[in-house]
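Notes for the one structure printed next.
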Amino acid sequence: MTLYLALMLLFPLLGGTVSALAGRKLPRRLVEAGVCAAVWASFVCAVLAAASYRGPVSVEFGRWLSAFDLQAPIHLYLDPLSLSLSVMICFVCGLIHVYSVYYMADQADYARFFALLNLFVFAMLTLILAENLPLLYLGWEGVGLCSYLLVGFWYTDSNNATAGRKAFITTRIGDTALLVGIAWLFQLFGTFSIPQINGMGFLLPHGIVTAIGILFLVGAMGKSAQVPLMVWLPDAMAGPTPVSAMIHAATMVTAGVYLLSRMFPFIGGSAVTCAAIAITGGITAFYGATCALAQRDLKKVLAFSTISQIGYMMLGVGAGAITAATFHLLVHAFFKALLFLGAGCVITAMHHEQDIYKMGGLKDRLPLTFWPFLAGAACLAGIPLTGGFFSKDSILAAVFLKEGTLYTSLYLLALLTALLTSYYSFRLIYLVFFGSQVHVHTHGELKVMQWVLVPLALLGLFGGVLDLPGYLGGGFLDSFFGHQAGGEVGHSAAQEVALQGVAATLAIFGLLAAHWRYGGKSRVDRVRESSTRPSPLYAFLLNGWYFDRLYHAILIRPYEYLSGILWEKVDEGVIDDSLDGMSSGLGITGRWLGRWSTGKVSLYILSFAAGGAVVLGYLAWLTL
Amino acid sequence: MIIPFYHVLILASLLFGMGLACVVAWRTNVIMMLIGIEIMLNSVMLTFVEGSARWGIADGQLFALMLIALTSAEVSLALAMVVYLHRRKQSVNTDDYGSMNG
Amino acid sequence: MPTDFPILTLLVFLPLAGVLALFAVRKSDELVRMGALVVTLAELALSVWACGAAGAGAGAAGAPAGFFLYQDAQWIERFGIRYTLGMDGISLVMVLLTSFITVIAVGVSWRGIKERVPLYYALLLAMESGIQGVFLGLDLFLFYLFWEAMLIPMFFLIGIWGHGRRVYSAVKFFLYTFFGSLLMLVAIISLYLRHGAQTGTYTFSLFELIHTTVPYGTAIWLFAAFLFAFAIKFPLFPLHTWLPDAHTDAPTAGSVILASLLLKTGAYGLIRFGFPLFPEAARACAPLIYTVSVIGIVWGAWIAFAQRDMKRLVAYSSVSHMGFVALGIAAWSPVALSGAVIQMVNHGVTTGALFALVGMLDERTHSREIATYGGIWGKVPALSFFFLLFCMASAGVPGLNNFVGEFIVLMGTFKVAPGAAAGAFVGVVLTLIYTVRLVQEVLFGKEKKPLELADLSVREGGVLAVLGVAAIYLGVHPAPVLDIIKVPIALLTGVK
Amino acid sequence: MSVTDALAIMPILIAAGAALLVLLAGPFLQARSISWIAVVAAAAAGVWAVVYPAVGATVTLPGLAFTGLSQFLIPVFSAAATLTLLLSHDYNQRRGIKGEEFQATVLFTLFALCVLACATNLLILFLAIESVSFAFYILVSLDLEREESGEAGLKYLLMGAVAAAIVAFGISLIFAGTGTLALTGAFAPEATRPIVSAGWGLVVIGIAFKLSLVPAHLWTPDVYQGAPAPVAAFLSTGSKVAAAAFFLLLLAFSRPLAEIHLPLYLLSLGSMVIGNLAALLQKNIKRMLAYSSIAHMGYLALALLTGSREGYSAVLLYGAIYTAMNLAAFGAIASLSGAEERGELTAYTGLGHTAPFRGAILALAMLALAGIPPTAGFLGKFYIFYAAIRGGETTLAIIGIVTAAISAYFYLKVVVQLYMREPEGAAPAAPHQGTPAESLALTCAAVAILFIGIYPSPILRVLDAALR
């Protein structure tokens with residue numbers, strides 16, 4: 001097991017380092033083969049680890065940070081949660097690596113790209129497998145760094161670089177909250193070990209658990225693009241599409257959910273925190289879905305849908321349904337990666353056109369893209385019996401079963417969101433794949449890329465078997481996670497069926513609405529409308545509720561402006577100039593004192609005599 | 001007649017003060033300043049002689065004699081310098097010698 | 001190693017002896033460069049050799065606890081001044097850093113300095129001697145002597161080979177630090193007299209003076225004088241304004257040494273002398289230090305964002321980073337102090353590397369303006385790679401060195417003073433903001449104007465690679481360094 | 001006068017004899033030979049004092065004795081005279097200062113200085129210090145070509161004469177009050193206490209002139225600027241140390257009065273502050289050094305103020321160190337001055353590179369004056385402030401240290417000119433080649449600065465012996 005774990009991390013690290021250092025010197029094919037092999041080797045290790053898994057394992061490889069009682073070793077921890085995620089990550093990333101080889105075939109800077117991809121996998125696995133919080137933080141920041149560099153991969157366009165920067169800084173805000181949480185835990189427990197902390201949560205007063213939980217939530221908000229730190233994710237679509245698929249859909253953005261699930265035994269101790277998580281998730285899910293309704297950019301639709309879906313997962317965590325959240329996380333990884341990769345195929349075929357209103361008729365031109373994409377959309381929309389349907393439903397069920405006004409309203413909000421989700425999913429399908437045909441460009445690479453979609457589509461469609469509802473024979477995940485699932489309340493099959501019925505109805509209803517609005521004839525009208533000036537509501541949604549502008553006005557502009565003021569007016573103007581002023585003041589005083597020496601000896605003698613007189617006068621006063 | 005000790009001292013002090021006043025006030029003429037200095041030194045000698053008389057030892061008188069020698073040397077040097085400077089600037093006003101200042 | 005081998009004396013004076021060697025070959029610039037390199041490498045070898053003594057573990061004869069190398073001789077008996085050098089873990093780490101960075105400094109000056117080459121390298125070596133002396137001196141007088149003597153070479157380095165308003169900056173640097181030091185001198189003398197009056201033995205020895213009983217009211221003032229001197233060197237807000245000027249106008253190697261080593265002497269002084277001599281006063285002043293260091297962290301990072309000149313940006317980033325060191329020292333807990341010490345090393349490596357990089361860019365284009373650059377990644381991939389690496393290290397990305405220091409400091413400080421640490425966390429975000437701005441505007445985007453840029457030469461690549469390896473090593477496996485400083489820190493903080 | 005006496009006061013005799021010899025033989029010898037005779041004689045006087053262990057020998061001469069203090073002071077004076085002579089030979093040739101009277105006067109000054117160092121009563125002391133001043137009146141105005149020289153001479157003479165009168169009056173009052181001129185035990189009966197007190201006051205203000213303490217400092221910049229550079233070197237060292245020694249003898253051997261503490265305090269304070277501030281923006285290096293001299297004498301006064309053994313010891317050590325520093329500084333100026341005196345600071349631009357040796361010496365002297373380790377200047381300042389704090393003058397010591405920090409600015413300004421400035425417009429006149437004599441003198445001064453700075457133990461031992 002030690003070997004599997006070590007190799008799982010080492011392969012991508014090695015692949016990344018070698019391509020970073022020597023990638024430009026090595027033959028291209030070798031680099032490509034190497035990086036793919038590294039990830040697949042990791043996958044094999046993950047599978048082997050899964051096969052030989054008997055129970056939670058914790059392996060220490062060496063020391064990292066060690067100063068007195070501060071001990072953060074390189075220590076990995078494998079439990080069902082991390083195991084299932086690592087298998088998923090290795091698999092999805094492996095597919096995306098293969099896809100990337102073809103997607104990036106015409107890019108000269110392949111070495112940097114693949115090095116970063118591999119390093120990303122390494123960092124992601126570190127994040128997942130870390131036993132202690134600093135190591136988790138290493139992976140956490142590592143994926144952020146890779147994301148930053150990959151989003152800005154096409155650096156010559158400064159928009160891309162800016163998007164990367166925005167992602168990095170926004171997530172860093174969350175990261176810092178996480179860091180504060182870590183520091184606080186260290187202060188309280190003197191340890192960073194996640195299992196130990198999880199086991200000691202009950203010792204703490206409620207308020208502190210809540211506070212730390214909120215800090216972790218803020219950390220998760222940054223990474224998982226939750227309201228209010230979600231603004232970076234749509235912009236991050238500036239990166240190459242495989243990057244969006246891998247980092248901004250399947251793996252990194254779900255790290256927040258993972259973190260909260262990982263720490264759930266600790267933070268779950270506070271109902272306030274759970275509520276906060278659930279509210280965040282619910283609002284984000286709704287926010288993402290509304291924004292996705294209006295997007296014109298293919299990838300942005302998917303980005304907002306990612307935000308929305310992660311909101312669901314958060315909602316699940318908030319409801320204490322760790323299994324459900326993880327379930328949705330896994331399935332979402334498959335179908336969202338699928339959607340992004342499909343989008344990548346579409347974009348390649350469309351000569352890098354991303355505006356969905358300019359697409360159409362791809363159903364016939366790219367059937368191998370269309371069918372998997374449709375499967376992905378179905379999962380996203382929660383069409384019954386797809387993987388997405390089951391996973392989303394298990395979250396909805398968990399929320400529904402939590403008592404209280406809050407959770408009930410969140411449940412209703414989530415249902416509304418489900419409706420919207422279905423609607424925008426099929427809006428996408430109709431706009432992209434139906435209607436009149438446009439010219440597309442197919443080539444050899446596209447073939448391979450499309451084939452990659454197939455396994456993902458299958459996984460997405462049949463992902464439901466991972467955790468079927470009780471009345472269908474019970475879930476694998478449920479039993480696998482059994483021991484660490486939070487406060488999931490048991491529920492009857494009837495209840496479950498009813499809930500699923502509601503959800504299914506809504507999904508179908510959304511599909512029909514999309515068909516009515518975008519299908520057939522009306523599609524042409526919509527395309528025509530699209531070139532006119534959008535209505536305010538539409539613009540509001542299109543611009544993500546204007547959060548960007550808000551932040552720009554209240555945070556970024558003042559920060560930039562003040563930095564100039566502080567520098568030139570305060571640092572140099574007050575602090576430094578006061579010194580300069582003091583010194584020139586001294587100089588002027590000195591010159592003024594020097595004037596005493598007028599050159600006229602009579603004055604000299606007078607001063608001398610006066611000094612003598614003063615001394616004598618003083619002595620006289622003293623002695624007489 | 002024995003003149004009281006303090007009377008002599010007061011006289012010497014007055015003399016010294018007058019000499020100093022002369023030096024300070026008569027700045028337009030170096031010669032007058034030198035005379036002022038002479039007067040100051042004379043008051044010193046007076047004090048020494050009086051001190052000798054008071055304590056009955058000759059040290060003060062000796063000092064006074066030495067001062068006479070010192071004074072003459074000083075005046076001769078000063079006058080030589082005055083002559084030299086007068087030749088250069090045609091002036092004995094000390095205020096004219098102020099090329100260096102600040 | 002024979003126990004009576006005066007390795008510490010050699011460490012301090014070898015570079016100074018090297019000056020004489022350089023004088024002998026002053027006719028040939030090339031020989032001077034080689035000579036300087038040989039001397040600094042020899043010094044580095046000597047420092048590494050000293051590590052061996054640390055490994056041996058045994059304390060030197062007659063040495064205070066924790067000191068594995070120790071030398072003590074009569075010097076000016078009239079005042080009880082002794083020539084006492086000693087090396088414990090903290091000194092060792094600092095000495096290693098000094099030797100290492102000086103080699104780097106010689107490396108980065110190789111082509112950049114074309115005028116008055118012999119004088120330049122002579123000053124560089126003299127500087128090294130002075131700094132080693134500061135890190136090894138245990139007699140307050142001796143320490144003070146080195147402390148001030150090391151200002152002179154730096155003054156000349158900035159003033160002669162600098163850019164821009166070099167004279168202004170050099171004089172400002174000198175006067176600022178000189179002023180602070182003189183007040184410390186008063187404090188040293190009064191402490192000395194007090195100790196002499198109490199015990200009858202007049203001595204400047206640190207380990208004797210530690211036992212002086214100083215009434216609290218006086219101790220506050222004495223500590224304030226020490227703190228003032230060290231805070232200027234650090235530099236702590238608001239005494240930092242000499243730093244951007246000095247850094248910006250210094251030649252590359254000058255900036256490297258200034259940032260990597262000179263600033264550390266302030267921190268070292270506080271650890272070695274300030275806190276141990278006046279523990280209660282230091283405790284009482286801790287809130288003040290917390291405040292100014294947190295302000296410094298935020299202030300430096302915020303202002304760095306507005307900079308147009310890369311060197312000035314890095315300079316302000318130093319203000320910010322050194323705030324973490326001050327924070328760790330103020331907390332004075334074993335963990336925080338370990339963090340502070342390792343942060344000193346890390347900041348030395350990272351900031352030194354960044355200054356070296358800016359120097360290399362400057363050598364190529366004669367511009368340090370950020371606005372000149374843009375999109376250079378494609379042109380000079382190797383240089384850009386290192387640029388990115390060190391910027392990320394500076395931003396505190398885990399896995400690279402700065403993170404280690406900042407993390408440990410923050411964890412340690414949070415335990416003692418959560419409020420102060422919370423303020424410092426803000427700095428973590430702000431640091432990233434200016435760093436990625438720098439990266440973006442220099443490396444990314446489109447070329448603003450066509451630049452004649454050549455990628456790294458072998459020498460430059462070597463220098464940066466060594467620094468890069470150090471940065472990654474310290475980021476991934478800092479445990480050996482943390483182990484070295486463990487014993488002295490345990491002794492300082494009184495923890496078993 | 002017995003042989004023992006003669007041997008004991010041999011430095012005095014050597015100096016006097018050499019002065020006469022030079023004066024008599026001058027017309028028949030070449031200028032070079034005269035200079036060498038003078039240099040050898042001056043050095044011999046110092047060497048004799050170091051080598052010949054006459055301390056404590058019973059001397060039958062009235063008013064003279066060879067004490068430990070003499071053994072310390074005479075080598076310092078002799079070194080100052082020797083280096084001045086070494087520096088002035090070539091300087092005088094360049095400037096057209098002809099005749100043997102220069103050397104003779106320097107030797108005569110040395111004679112007077114040696115007498116001062118050996119004096120045991122007020123008469124001899126007074127005569128010696130006045131003779132020193134007298135000789136300097138001549139030396140200052142010897143450069144007949146420069147108008148400033150004569151002007152400086154006149155100013156110095158007038159001020160000096162007034163000061164001499166004041167000191168003499170002070171001594172006369174002390175004598176009148178105590179009835180003795182001996183330095184060993186001036187005891188004032190209560191009745192005459194006011195008189196003695198007034199006498200001390202006058203002596204203090206007179207000394208203030210000699211040490212150029214504020215407010216009697218005004219002549220200093222003018223005289224330094226006007227005097228030929230080697231003379232300024234000698235004046236700023238020999239006469240200052242002599243004045244300090246004069247005061248020290250008065251204070252140390254007769255009981256100092258408590259009431260002069262405040263006047264001295266203010267004199268010291270004023271000098272430190274005004275001297276350092278006024279020097280900040282000076283453009284002429286000699287004037288700048290004059291103000292620096294004022295400030296340094298303020299430091300000396302600070303140590304004197306403590307009235308403690310440590311204080312006196314610090315004064316003497318500082319005197320010796322100050323001698324080395326100022327000789328180096330003015331020596332370098334003299335050596336760099338050609339037919340024209342190099343006075344303006346801007347005339348030093350780039351000289352550190354074009355005349356590396358002398359530039360380095362000047363820079364070293366400046367750093368030493370600023371009190372930066374490892375030069376002797378640091379040790380001197382350290383000792384002064386140490387003594388001051390130990391003597392309880394903490395406030396004044398801190399003020400002194402702050403002003404010392406400020407002073408670093410104008411010393412560095414010189415270094416900046418030497419090394420860091422580019423000439424604006426025309427480059428300053430290239431200095432002539434340094435001569436061996438000058439190099440020798442400068443090397444000696446520099447070695448002294450560094451040696452005392454790094455290993456002061458030997459000189460400290462001598463000092464302790466001197467004050468026993």
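Note on naming: letters A, B, ... go to the chains in the order of the sequence lines (proteins, then strands), and numbering restarts at 1 for each one.
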Inset, instruction - With a 4.5 angstrom heavy-atom cut-off, could you sort out which part of C/V476 is near chain A: side chain, backbone, both or neither? - result: backbone
Legend entry - C/K446/C/E441 salt bridge by N-O under 4.0 Å criterion: no
Inset, instruction - Would you name the heavy atoms of C/C391 and C/T435 that are closest together and state the gap between them? - result: O-CG2, 3.0 Å
Inset, instruction - Among the options C/A422, C/G378, C/G375, C/A421, pick out the one with the most heavy-atom pairs lying under 4.5 Å from chain A. - result: C/G378
Inset, instruction - Identify whether the distance between the nearest side-chain nitrogen and carboxylate oxygen of C/K172 and C/D245 falls below 4.0 Å. - result: yes
Legend entry - Under 4.5 Å from a heavy atom of chain A, the part of C/A301 involved: backbone
Inset, instruction - Could you look at C/L388 and say if it's the side chain, the backbone, both or neither that has a heavy atom under 4.5 Å from chain A? - result: side chain
Legend entry - Non-hydrogen atoms of C/W332 and C/I271 that approach each other most closely: CH2-O, 3.6 Å
Legend entry - Max heavy-atom pair count under 4.5 Å with chain A, selected residue of C/I433, C/I485, C/V439: C/I433
Legend entry - Which portion of A/D580 sits near chain C, non-hydrogen atoms under 4.5 angstrom: side chain
Inset, instruction - Could you tell me which non-hydrogen atom of A/S19 sits nearest to which non-hydrogen atom of A/A111, and how far apart they are? - result: O-CB, 3.8 Å
Inset, instruction - Pick whichever of A/L145, A/T162, A/I74 has the most heavy-atom pairs under 4.5 Å with chain C. - result: A/T162
Legend entry - Aromatic ring proximity C/F305/C/Y434, centre distance under 6.0 Å: no
Inset, instruction - Go through the atoms of A/L579 and report whether side chain, backbone, both or neither lie under 4.5 Å from a heavy atom of chain C. - result: side chain
Legend entry - Which portion of C/S338 sits near chain A, non-hydrogen atoms under 4.5 angstrom: side chain
Inset, instruction - Assert yes or no for the condition that the ring centre distance of A/F114 to A/Y110 is strictly below 6.0 Å. - result: no
Inset, instruction - Quick one: closest heavy-atom pair of A/A163 and A/A238, and the distance? - result: CB-CB, 4.0 Å
Legend entry - Rounded distance (nearest 0.5 Å) linking atom CG of A/L150 with atom CG of A/N160: 12.0 Å
Legend entry - For A/P228 against A/M221, the heavy-atom pair lying closest together: CD-SD, 3.6 Å
Inset, instruction - Between chain C and each of A/F186, A/W140, A/W154, count heavy-atom pairs under 4.5 Å; write down the option with the most. - result: A/F186
Legend entry - Nearest heavy-atom neighbours spanning C/F403 and C/V397: CB-O, 3.6 Å
Legend entry - Greatest number of heavy atom pairs closer than 4.5 Å to chain A - which of C/Q307, C/H240, C/M392, C/E447: C/Q307
Inset, instruction - Please look at C/P418 and chain A and tell me whether the side chain, the backbone, both or neither of the residue comes under 4.5 angstrom of a heavy atom of that chain. - result: side chain
Legend entry - Between CD1 on residue A/I182 and CZ on residue C/F414, distance to nearest 0.5 Å: 11.5 Å
Inset, instruction - Identify which part of A/E568 has an atom lying under 4.5 Å from any heavy atom of chain C, answering side chain, backbone, both or neither. - result: side chain
Inset, instruction - Write out, in numerical order, the residues from residues 169-178 of chain A with a heavy atom short of 4.5 Å from a heavy atom in chain C. - result: A/I169, A/R172, A/I173, A/T176
Legend entry - Under 3.5 Å side-chain donor-acceptor pair for A/E131 and A/S193: yes
Inset, instruction - Output the option from A/L188, A/V180, A/D69, A/D571 having the highest count of non-hydrogen pairs under 4.5 Å with chain C. - result: A/D571
Inset, instruction - With a 4.5 Å cut-off on heavy-atom pairs, point out which of C/V404, C/L337, C/V426, C/L430 contacts chain A the most. - result: C/L430
Inset, instruction - Name the orientation class of the two ring planes belonging to A/Y148 and A/F168 (parallel below 30°, tilted from 30 to 60°, perpendicular beyond 60°). - result: parallel
Legend entry - Heavy-atom pair count under 4.5 Å with chain A, highest-scoring of C/G412, C/G374, C/G339, C/P381: C/P381
Legend entry - Heavy-atom contact with chain A under 4.5 Å, split by part of C/W299: side chain
Legend entry - Within the 6.0 Å centroid threshold, strictly below: C/F179 and C/F174: no
Legend entry - A/L562, part contacting chain C, at a heavy-atom distance under 4.5 Å: both
Legend entry - Residue among A/Y559, A/Y137, A/W64, A/W184 with most heavy-atom pairs under 4.5 Å to chain C: A/Y559
